[in-house]
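Quick note: numbers below take in every heavy atom, side chains included, and nothing from hydrogens, waters or symmetry partners.
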Amino acid sequence: MELGLVGLGKMGGNMRERIRRAGHTVIGYDRNADLADVHSLEELVDKLSGPRVVWVMVPAGEPTQSTVDRLAELLEPGDVVVDGGNSRWTDDEKHAGELAAKGIGFVDCGVSGGVWGLENGYALMYGGDAEHVARVQPVFDALKPAGDFGAVHAGKVGAGHFAKMVHNGIEYAMMQAYAEGWELLEKVDSVENVREVFRSWQEGTVIRSWLLDLAVDALDEDEHLDGLRGYAQDSGEGRWTVEAAIDHAVPLPAITASLFARFASRQEDSPQMKMIAALRNQFGGHAVEKK
């Protein structure tokens, strides 16, 4: 089949290559002309035979909104738009409604796989009407890992990105658990080879995972991570997961704590701990450290 792909960065570029390897035609557009097959959305749409499928792989928020708005003007009834970025599920509902008013279908797709997806395949979680999903199915089949698993029609519009959001929230908590365990192992004198302890967990333990494998790879590159600063950004999906939990009264203590730990990593000097130190000094005369 033919596919228009908008956004050819680290993920989009590799996805284009994997889909082509499966025998499909991909026409890609990116603002970086060196990456693009065509040089405008208009040219991309003109080169596709109808009914068209256009996959959007750009950052969430305004970049996705402006792209969907422009495609709504260029596409025709019967065409389908897929949002494969990290959009919030509530945006999916909005985009689906805007496109439906013009007879254009919409599918949201959470994509996981990172830089390894080209060779290993991408885990896909998609939402939308069955008829629209069926139009995109050959591309889903090309992108997913080999075997029976790795892709799911999670439900109606928004379900794909909601599932990917929860996936990322779980990822936050898992990374935090590995990080806390690593720091504790590094802290004690009796454990002399923390990296090899992590490596030993890769087989035969209940905590083995791809994240653990990646942790070992990182420690092989820099055994004590001396070359890194203890600063971690967040993509936004961890925040959305916690917000959704509040909206639905679902307790997420581990995921919430892992998100807040990232916020703490960005503080050179914790304002909260200043107050804690002051209070301990006030009620118990405990020593404080002055700047």
Between [Y] and [X], is the closest basic N to carboxylate O distance under 4.0 Å?
{"X": "E73", "Y": "K102", "result": "no"}
{"X": "K187", "Y": "E180", "result": "no"}
{"X": "K164", "Y": "D92", "result": "no"}

Heavy-atom side-chain contact between [X] and [Y] under 4.5 Å:
{"X": "Y231", "Y": "R266", "result": "yes"}
{"X": "L5", "Y": "M57", "result": "yes"}
{"X": "H95", "Y": "T64", "result": "yes"}
{"X": "V136", "Y": "W55", "result": "yes"}
{"X": "D83", "Y": "V68", "result": "no"}
{"X": "L279", "Y": "M275", "result": "yes"}
{"X": "W210", "Y": "M174", "result": "no"}
{"X": "E171", "Y": "N168", "result": "yes"}

Going by the rule ring-ring contact (aromatic ring centres under 6.0 Å, His included), which residues pair with Y178 if we only count those two or more places apart in sequence or in a different chain?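 Y178 satisfies ring-ring contact (aromatic ring centres under 6.0 Å, His included) with no other residue.
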If you take all heavy atoms of [X] and [Y], which pair is closest and at what distance?
{"X": "G84", "Y": "V111", "value": "O-CG2, 3.6 Å"}
{"X": "S40", "Y": "E43", "value": "OG-N, 3.0 Å"}
{"X": "A244", "Y": "M165", "value": "CB-CE, 4.0 Å"}
{"X": "K10", "Y": "N14", "value": "O-ND2, 3.4 Å"}
{"X": "V133", "Y": "V107", "value": "N-CG2, 4.0 Å"}
{"X": "L8", "Y": "G28", "value": "CD1-C, 3.8 Å"}

Please determine which of L41, V82, L44 meets the side-chain contact (heavy atoms from CB on, under 4.5 Å) test together with V54.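 It is L44; the other options fail the test.
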Please report the interatomic distance [atom1]([X]) to [atom2]([Y]), rounded to the nearest 0.5 Å.
{"X": "L143", "Y": "L118", "atom1": "CG", "atom2": "CG", "answer": "10.5 Å"}
{"X": "R88", "Y": "E93", "atom1": "CZ", "atom2": "CD", "answer": "10.5 Å"}
{"X": "I276", "Y": "N281", "atom1": "CD1", "atom2": "CG", "answer": "13.0 Å"}
{"X": "L3", "Y": "R16", "atom1": "CG", "atom2": "CZ", "answer": "11.5 Å"}
{"X": "Q267", "Y": "M273", "atom1": "CD", "atom2": "CE", "answer": "9.0 Å"}
{"X": "M1", "Y": "R135", "atom1": "CE", "atom2": "CZ", "answer": "7.0 Å"}

Would you say the side-chain atoms of [X] pair up with the backbone N or O of [Y], donor to acceptor, closer than 3.5 Å?
{"X": "T256", "Y": "P253", "value": "no"}
{"X": "R20", "Y": "V26", "value": "yes"}
{"X": "R199", "Y": "V216", "value": "no"}
{"X": "R208", "Y": "W201", "value": "no"}
{"X": "D108", "Y": "V157", "value": "no"}
{"X": "H161", "Y": "T90", "value": "no"}
{"X": "S265", "Y": "A232", "value": "yes"}
{"X": "N32", "Y": "D34", "value": "yes"}

Quick one: do [X] and [Y] end up in the same hydrophobic cluster if we chain Ile, Leu, Val, Met, Phe, Trp and Tyr together by side-chain heavy atoms under 4.5 Å apart?
{"X": "L225", "Y": "V188", "result": "yes"}
{"X": "Y122", "Y": "V56", "result": "no"}
{"X": "V38", "Y": "V58", "result": "yes"}
{"X": "L184", "Y": "L219", "result": "no"}
{"X": "M15", "Y": "Y29", "result": "no"}

Step through the shown structure and confirm whether more than 12 heavy atoms of other residues, nucleotides or ligands are within 6.0 Å of [atom1] on [X].
{"X": "E203", "atom1": "CD", "value": "no"}
{"X": "D189", "atom1": "CG", "value": "no"}
{"X": "R280", "atom1": "CZ", "value": "no"}
{"X": "E183", "atom1": "CD", "value": "no"}

What pairs of residues pass the side-chain hydrogen bond (donor to acceptor under 3.5 Å, both in side chains) test when at least one of them lies in residues 149-158, not counting sequence neighbours?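 The answer is none; no pair qualifies.
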Residues that E17 engages under salt bridge (Lys or Arg N to Asp or Glu O under 4.0 Å), provided they are two or more places apart: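 Testing E17 for salt bridge (Lys or Arg N to Asp or Glu O under 4.0 Å), a comparison that skips the adjacent residues, returns R21.
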Face-on cation placement of R262 at Y172 ring, 6.0 Å and 45° thresholds: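 Yes, cation above the ring, under 6.0 Å and within 45°.
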Only one of W240, W89, Y126 passes ring pair (Phe, Tyr, Trp, His ring centres under 6.0 Å) with F162; say which it is.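 When W240, W89, Y126 are each tested with F162, the ring pair (Phe, Tyr, Trp, His ring centres under 6.0 Å) holds only for W89.
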